[in-house]
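Numbers for residues simply follow the sequence, beginning at 1.
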Amino acid sequence: MKKILSKSQFIDAYRKFLPYVKPYILWALLGIILTVPVGALDAVIAYFLKPFMDNVMVNKQENFAAMVPYIIVGFTLMQGLFIYCSALVNGYVGNKITLDIRRDLYNKLIHMDSAYFDRNNSGDIIYRYYNDADLASSGLINNMKLFLTRFFSSVSLIGVLLYNSWQLSIIAIGVLVILVLPLRVVRKKIKDIMNKTYTENASIISLYNEVSGGQNVIKSYNLHQHMNRRFEAISSQLFKLSMRLIRNTNWLSPTMHLVAACGVAIVIAFGGNLIINGTITSGEFVSFLTALMMLYTPLKAIGNNFIEVQKSIIALDRIYEIFNRETVEETDSRQNKKKLESIGSSISFTNLSFSYDGTRQILKNINLEVKKSQTVAFVGNSGGGKSTICSLLPRLYEWQSGDILIDGTSIRDYDICSLRDKISYVFQDNFLFNDTIRNNIMMVNPDATAEEIDKAIKNACLTDFINNLPDGLDTEIGERGALLSGGQKQRVAIARAFLKNAPIVILDEATSALDNKSEKVVQEALENLMKDRTVFVIAHRLTTIQNADVIVVINEGQIVEQGTHEELLKLNGAYSALYNTKLQIENRQKEIKA
């Protein structure tokens, strides 16, 4: 296994961290400077024991003895003040860096390609984009502060050791070298455990998200035991990993204690002889022994800090793995592509083929031309590729071969943001944000006037509904619009599309999940939205698209028929069979309801 916490990895970790430190470099330097007296004062306290022992314990000097309590309190107050200031400065720097990393990660997340969200579960996303920022920043800042404090403390204390006895110092420093050796063993064991722990933590966060989002399904199907079993399986794995980490690392601390104790024992054995033969005084020996104990003590507890540093380095690696992933939007922005200003004559799909996973073809050699202001309806078997075609138009996914052209120019040659500005998308299950109705509508056009908002609401058939709400447009609708019915959510989404006023509209089975009454109102709103626009409709109920300019039948990723409603019925082919089957089902449903 790859070694961890090597010198090169430390350098690489802090090299990656440096761009986030630069804006606060003066504060960071102040934090470093404050660690100097915090560490150095340890040596002052140890050194002070020499004159105390020699002047008070041996020579019985009363005046010096009277000063000792004030000196101790004074040094302690001074060190406490530096510790507080150091914590304050380093806390400020650490929190600002965490905020900056989270901001960059969040910005990266909202620009990630749609395929990224297909491949990664919500738990992994939350853990990596939120927790890793804090883990990397706080871990590296706190441990850097701890390292510097202990470094300056160690340098000062070694100075005290050498000042008091160079002979005993050789023994002490030799033991110090031995104390570092167990770290080489531990660093080979923990990286794999930590990576697996991250994965399991992400899985358990995903489980909580599923309980939150799927609680009605859990209750309706009595899935409590099933969900508990899944929780127990993940929790059990996390417990095993935690115990494995403890087994592989917690022997480090008692080993350090044993080595340190042996060092102290050897020093005492040799020190006694040096006192007897007059090489050093009792005060020098006590001062030396105290400095030695203060030097060894933090090293005995280094195991915990060692693990925390490793966690921070792994988190930072995971963060830069995300940063190094280039998105389509970032590529387009860097290439400074031209902006799409308007739709002149047509949108063409030429020899278009697409696969989500690189193996199974979803679309196969699609050829289709849509004139400006035409309404094109896609029908066909479930999973045939209808929604996929529409999702490629705003480049939610990137196709493998063929092209999509607007007025003869590939949409890949247009700036992606300007392309998406020209498209309004109304989904079957529209996502509404945990905000007010007003903000959910206006987010696509924050500068919209009151008249424009009222027009959008009217065209979306929302006027009566909003007028009956106590807070009107400022009504909070809950997470995912949970406080609204299906029809109400669809109409809010349609109002949002109206306010965007894009020349291209995509309707992805926008009424399929609604009852007849809601569908009638929503269908009226959709007809308002479709006027004078180029429209792509994915239809569930064929009766709603009979007036489309072109109906395209897609089965197994291929166009098998296209034409008007009347033309396709005359062919007596796939569309005719599909239409008659759907019509029989709809008539039967009406009879049952009657």
Would you say the side chain of D113 lies within less than 4.5 Å of the side chain of E398, judging by non-hydrogen atoms? no

Output all residues satisfying ring pair (Phe, Tyr, Trp, His ring centres under 6.0 Å) with F239, sequence neighbours left out; order by chain, then residue number. none

Just so I know, are the side chains of T436 and L473 near enough to count as touching, which here means a heavy-atom distance under 4.5 Å? no

Contact check, side chains of I347 and I504, non-hydrogen atoms, under 4.5 Å: yes

Do F465 and L484 come close enough that some side-chain heavy atom pair is under 4.5 Å? yes

Would you check if there is a donor-acceptor pair between the side chains of S345 and D407 at a distance under 3.5 Å? yes

Measuring only between side-chain heavy atoms, which start at C-beta, is Y20 closer than 4.5 Å to I101? yes

Could you check whether atom CD of E479 has more than 12 heavy atoms from other residues, nucleotides or ligands sitting under 6.0 Å from it? no

Please answer whether the main-chain N or O of L405 pairs with a side-chain N or O of T409 as donor and acceptor at a distance below 3.5 Å. no

OH/Y116: more than 12 non-hydrogen atoms of other groups inside 6.0 Å: yes

Run K339 and E341 through salt bridge (Lys or Arg N to Asp or Glu O under 4.0 Å) and show every step you take. CA-CA 6 Å; K339 295 186 181 299; E341 301 297 340; over 6 Å; no

Does a sphere of radius 6.0 Å around CG in N107 hold more than 12 heavy atoms from other residues, nucleotides or ligands, not counting ones at 6.0 Å or beyond? yes

For a 4.5 angstrom cut-off between non-hydrogen side-chain atoms, does D508 reach C390? no

Residues in salt bridge (charged side-chain N to carboxylate O under 4.0 Å, His left out) contact with R438, at least two apart in sequence or another chain: D474

When the side chains of residues 453-462 are checked against the rest of the protein, which donor-acceptor pairs come out under 3.5 Å, sequence neighbours left out?
unit_1: N459; atom_1: ND2; unit_2: K455; atom_2: O; d: 3.2

R533 versus N501: any side-chain heavy-atom pair under 4.5 Å? yes

Within-4.5 Å side-chain heavy-atom neighbours: L363 and L392: yes

